[in-house]
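Taking it in order: structure first as C-alpha cells, then the write-up.
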Amino acid sequence: MNSPIAEAVETRSSNACPACSHPLDGHDTLGNRYCTATISSHLDRGCICPREVRTGKPDAKR
C-alpha cells in the first residue's frame, strides 16, 4: 500500500510535495509524516519544513 504522498507524487512531473510544494527529498521523518497526514486528511494547514527547505538558503548563524 502506498502512502498518500507517494500516490499524489506519481501523478506529478516534479519532485514537489503535494502538501507543501517543497522538494520531497528535503523532508525529514517528521515532515514526511506531517505531509502524509495533511494529504490523507484533506487538511489545509501550514508547513513545518525547515527554513532551508522553504527558501533554498541555509539558516543564518546566530
Side-chain angles (χ1 to χ4, degrees):
M1 182 165 120
N2 289 336
S3 72
I5 284 184
E7 291 173 6
V9 170
E10 288 175 8
T11 63
R12 298 182 83 163
S13 60
S14 70
N15 187 29
C17 173
C20 70
S21 299
H22 297 124
L24 283 171
D25 55 7
H27 284 70
D28 57 11
T29 303
L30 184 58
N32 283 332
R33 289 184 62 187
Y34 184 88
C35 287
T36 297
T38 299
I39 295 297
S40 64
S41 300
H42 306 286
L43 300 173
D44 182 22
R45 58 185 181 176
C47 177
I48 65 165
C49 290
R51 181 180 180 273
E52 183 174 342
V53 173
R54 292 191 311 258
T55 64
K57 299 176 185 174
D59 285 330
K61 303 261 186 203
R62 293 181 183 172

State whether the number of non-hydrogen atoms from other residues, nucleotides or ligands found under 6.0 Å of Arg45 atom CZ is greater than 12.
yes
So Cys35 and His22, do their side chains get closer than 4.5 Å, heavy atoms only?
no
Distance from Tyr34 atom OH to Cys49 atom SG, nearest 0.5 Å?
9.5 Å
May I ask you to decide if Thr38's main-chain N or O and His42's side chain share a donor-acceptor pair within less than 3.5 Å?
no
Quick one: SG on Cys17 to CD1 on Ile39, what's the gap to the nearest 0.5 Å?
6.0 Å
Identify the heavy atoms of Ala16 and Ser21 that sit nearest to each other, and give their distance.
CB-O, 3.8 Å
